[in-house]
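First comes the structure, then the notes that go with it.
These figures come from a predicted structure and were not determined experimentally.
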Amino acid sequence: MYDYLWLIPIMPLIGCIINGLLGKKFIKNEKVIGVIATGAVFMSFLLSVKYFFQLLGDPVKTHEQVVMSWISVGNLQIDWGFLFDPLSALMLLVVTGVGSLIHLYSIGYMHGDPGYYRFFSYMNLFVFAMLMLVTGNNALVMFIGWEGVGLCSYLLIGFYIDKKSAGDAAKKAFVVNRIGDFGFLLGLFLVFWTLGSEHGVWTLNFVELAEHGHLLGFGGTAVTIATLCFFLGATGKSAQIPLYTWLPDAMEGPTPVSALIHAATMVTAGVYMIGRMNVLFAMSPTTMMTVAIIGALTAIFAASIGFAQNDIKRVLAYSTVSQLGYMFIAMGVGAFTAGIFHLMTHAFFKACLFLCSGSVIHAMHHALHHAHLDDDAQDMRNMGGLRKKMPITFITFAISCVAIAGVPGLSAFFSKDEILWWAFGSTRGSWYVWAIGAIAAGMTAFYMFRCLYMTFFGKQKTNAKAKDHIHESPLSMTIPLMVLGFLALVGGYIGIPAVLGGANHIHHFLEPVFGHAQEAYHIGIKETLHHSHALEYGLMAVSIGVGFFGILVATFMYMMNPDLPGKFTKAFPKFHRAVFNKWYVDEIYDALVVNPTKSFGTFCWKGFDVKVIDGIVNGLAKLIGLISAGLRHTQTGLFHNYALAMVFGMVVMVAIFVLR
């Protein structure tokens with residue numbers, strides 16, 4: 001029934017190879033390159049849709065397809081195979097669906113770029129790696145995809161190879177993610193060795209891990225250390241404290257890259273990995289509480305930084321870090337379905353927000369170029385009043401802002417509210433995790449509407465010549481915006497909770513993946529709260545109220561009193577400077593980690609390598625040279641000198657013989 005499952009990741013790989021090898025010399029035509037790349041991902045999407053509906057009517061919800069035997073060494077037997085179940089089916093729709101829209105958008109956005117073919121080749125490779133990650137049937141195949149998205153992020157963040165800041169950002173992303181990847185590998189080795197050596201189950205297969213994971217023991221040391229190691233990997237890929245600093249700098253890449261990283265690939269990998277290994281995480285309350293606390297702290301910390309950023313893409317970047325924090329709160333309190341649900345809704349509105357920002361940047365760059373101005377096209381202080389010039393971009397951006405703010409009826413309201421309910425009432429939750437999440441929701445509403453007002457409302461701050469050149473983006477860019485805006489509007493209705501009269505279809509769909517762990521380890525809403533609809537309504541009202549309060553404050557400051565933010569900045573300059581400089585976390589890392597590492601490297605180079613290693617080697621060379629310089633005088637080439645030496649030697653030998 002699922003014989004062609006392997007074609008889903010292979011399609012983008014074929015597109016990558018065609019454009020990568022033939023794009024520059026043979027294809028050349030931008031439209032052909034764009035159609036090949038977009039068509040490859042769209043074909044994967046169509047096949048994903050086909051198998052998704054097939055799975056809905058299939059009583060068996062888990063299917064494996066083994067392509068070949070990959071590694072066979074002693075007890076290590078690894079197949080290269082694919083796993084298709086409700087979780088991977090949903091992720092396939094998100095990755096290929098949102099990914100194909102971003103590819104379509106890129107056709108217009110990247111027009112005229114000299115690296116056009118290279119860009120689409122990298123983008124296809126990115127999607128291929130993410131599809132391998134979500135469809136791999138074992139942890140090692142997942143790790144190949146895990147490393148693949150890391151490589152592609154490096155290539156795409158540093159796409160503008162002549163721009164130093166882009167190269168630095170790419171290296172930063174690569175190095176920070178290696179720290180997390182080391183944790184992932186440690187966890188993988190520990191699980192494999194512990195299950196095998198102590199229980200005779202040598203496996204990394206996800207189905208078998210779910211079946212035999214209980215052998216590690218509930219709350220045991222091995223499962224706690226292993227899951228903490230896996231979580232370290234997740235903090236790297238999904239940009240959580242302390243490994244979040246690479247993600248805002250990733251804005252140096254083209255805007256479609258930002259959309260792909262933040263919405264459909266890369267940063268969702270950590271959340272997906274925890275969801276896939278839910279049985280192991282459910283066995284360690286310590287790890288789950290750690291995940292929830294780190295998620296909550298990341299959500300509120302990143303939201304605070306978003307208050308003072310002026311680069312439109314950086315505002316959205318910190319928004320992503322914050323929203324990922326919500327997903328980790330969900331995973332930490334056992335609301336695995338809610339976490340994946342928010343991953344899906346976030347993909348819709350965050351992809352839309354990034355692509356809208358790209359539309360604005362595209363228009364601003366075009367206008368500033370024609371006006372011969374050097375102003376920053378991404379700085380919101382140079383924008384304003386764009387809603388009339390760019391109506392489609394404005395409407396879709398506004399819808400996504402309302403969605404991320406958690407306004408009732410839009411997609412994020414349903415997923416965010418379910419997370420907060422579980423954070424408060426779950427057997428693994430806590431009231432303070434809920435409180436931090438609720439406050440972060442209000443902060444999110446504030447800085448997102450600040451972004452909306454600064455960009456689309458008020459007076460246009462551009463030069464008069466530049467204003468005349470601002471216009472709406474072409475259809476190849478606005479069609480994806482409209483589709484994503486519509487999904488941001490209605491995408492949450494598949495998860496309407498029972499308290500609001502819904503059937504929560506996504507919960508029932510994902511139950512075969514998460515239900516066993518939640519039931520086996522008693523993860524759910526506390527019995528005392530289970531039927532308390534009044535409490536649930538009350539918590540919902542609080543979160544809605546906090547969100548509307550954030551919107552009202554932003555409206556008051558940036559619409560009704562646009563001079564107020566400047567007065568606030570002057571009144572509290574140190575506080576504003578700290579927030580604007582991201583609480584100096586990068587500077588702290590530089591002082592504590594980066595600079596000492598550089599100093600140690602310099603010492604190893606100039607102090608040890610040059611003076612000790614090179615000193616020994618060069619010293620031996622000089623010693624041999626001195627000895628050779630002395631001995632060369634014995635080689636004169638004159639016969640009488642050699643005869644004299646022979647006579648002298650014979651005299652010495654006779655003398656020694658006589659003296660004996």
Side-chain angles (χ1 to χ4, degrees), residues 98 101-102 105 109 153 156-157 169 173 238-239 244-268 298-299 301-327 342-343 345-364 376-383 386 390 393-394 396-406 411-412 440-441 443-456 477 480-481 484-485 488 550 554 579-580 582:
V98 176
L101 290 171
I102 295 172
Y105 175 94
Y109 187 87
S153 68
L156 285 165
I157 294 169
S238 295
Y244 73 92
T245 55
W246 69 269
L247 191 58
D249 288 358
M251 300 302 97
E252 292 291 340
T255 302
V257 174
S258 304
L260 196 62
I261 290 176
H262 287 249
T265 62
M266 189 73 173
V267 297
T268 62
T298 303
F301 183 74
S304 70
I305 298 175
F307 281 4
Q309 300 306 304
N310 296 315
D311 185 311
I312 188 171
K313 287 175 64 177
R314 285 190 176 270
V315 174
L316 300 180
Y318 282 106
S319 168
T320 298
V321 177
S322 182
Q323 293 302 306
L324 287 165
Y326 275 102
M327 298 175 208
H342 197 60
L343 183 156
T345 58
H346 176 264
F348 299 152
F349 60 72
K350 186 52 61 67
C352 187
L353 287 168
F354 265 110
L355 297 186
C356 285
S357 73
S359 179
V360 170
I361 293 167
H362 184 267
M364 288 292 296
D376 188 351
Q378 298 182 194
D379 194 326
M380 295 185 296
R381 292 171 297 184
N382 296 328
M383 300 175 189
L386 298 182
M390 309 180 70
T393 302
F394 163 64
T396 51
F397 193 93
I399 289 172
S400 297
C401 275
V402 175
I404 195 175
S411 59
M443 296 167 70
T444 299
F446 170 79
Y447 69 73
M448 286 308 305
F449 271 79
R450 168 184 178 266
C451 181
L452 176 69
Y453 293 144
M454 288 183 69
T455 304
F456 293 99
M477 295 172 64
L481 297 185
L484 289 167
V579 177
F580 179 76
K582 302 159 287 187

query: Closest heavy-atom contact between Phe349 and Ser411?
result: CD2-OG, 3.8 Å
task: Report yes if some heavy atom in the side chain of Ile261 is under 4.5 Å from a heavy atom in the side chain of Ile157; otherwise report no.
output: yes
- request: Give the minimum heavy-atom separation between Leu452 and Cys401, together with the two atoms involved.
  value: CB-SG, 4.1 Å
- prompt: Which heavy atom of Ser258 sits nearest a heavy atom of Gly253, and at what distance?
  reply: OG-O, 4.2 Å
- request: Could you tell me the separation between the CD1 atom of Ile404 and the SG atom of Cys352, rounded to the nearest 0.5 Å?
  value: 11.0 Å
field: Pro254 side chain near Leu156 side chain, heavy-atom distance below 4.5 Å
entry: no
- request: On the 0 to 90° scale, with breaks at 30° and 60°, tag the Phe456-Phe397 ring pair as parallel, tilted or perpendicular.
  value: tilted
- request: Kindly indicate whether the side chain of Met380, heavy atoms from C-beta on, has any atom under 4.5 Å from the side chain of Gln309.
  value: no
field: Heavy-atom closest contact (Ala347 atom, Ala263 atom, distance)
entry: CB-O, 3.4 Å
task: Run the numbers on Met448 and Val402 for side chain to side chain contact (heavy atoms under 4.5 Å, CB included), then give the verdict.
output: CA-CA 9 Å; Met448 286 308 305; Val402 175; over 6 Å; no
- prompt: Where is the tightest heavy-atom contact between Thr268 and Leu343, given as atom of each residue plus distance?
  reply: CB-CD1, 3.6 Å
- prompt: Between atom CD of Gln378 and atom NZ of Lys313, what is the distance when rounded to the nearest 0.5 Å?
  reply: 5.0 Å
Distance in Å, Asp379 CG paired with Met364 CE, rounded so as to fall on 0.5 Å steps: 8.5 Å
- request: Please report the closest heavy-atom contact between Ala299 and Ser322, naming both atoms and the distance.
  value: O-OG, 2.7 Å
message: Checking Tyr318 now: which residues fulfil ring pair (Phe, Tyr, Trp, His ring centres under 6.0 Å) with it, not counting sequence neighbours?
response: none
query: If we ignore angles and hydrogens, is there a donor and acceptor under 3.5 Å between the side chains of Thr255 and Tyr109?
result: yes
Contacts of type ring pair (Phe, Tyr, Trp, His ring centres under 6.0 Å), residue Phe446, not counting sequence neighbours: Phe307
query: Under the 3.5 angstrom rule, does the side chain of Ser319 hit a backbone N or O of Val315 as a donor-acceptor pair?
result: no
message: How long is the straight-line distance from NZ of Lys582 back to OG1 of Thr245, given to the nearest 0.5 Å?
response: 9.0 Å
query: Which value, rounded to the nearest 0.5 Å, describes the distance between Met454 atom CE and Ile312 atom CD1?
result: 9.5 Å
message: Less than 4.5 Å apart, side chain to side chain, heavy atoms only: is that true for Asp249 and Arg314?
response: yes
Please list every donor-acceptor pair under 3.5 Å in which a side-chain atom of residues 354-363 meets a protein atom from a residue at least two apart or in another chain.
{"from": "Ser357", "atom 1": "OG", "to": "Phe354", "atom 2": "O", "distance (Å)": "2.6"}
{"from": "Ser359", "atom 1": "OG", "to": "Thr393", "atom 2": "OG1", "distance (Å)": "2.9"}
{"from": "Ser359", "atom 1": "OG", "to": "Ser473", "atom 2": "OG", "distance (Å)": "2.6"}

field: Heavy-atom side-chain contact between Phe580 and Asn310 under 4.5 Å
entry: yes
Whether Thr265 side chain and Leu260 backbone form a donor-acceptor pair below 3.5 Å: yes
task: With rounding to the nearest 0.5 Å, note down the distance linking CE in Met327 to OG1 in Thr345.
output: 7.0 Å
query: For Val267, does its backbone N or O pair with a side-chain atom of Ser238 as donor and acceptor, under 3.5 Å?
result: yes
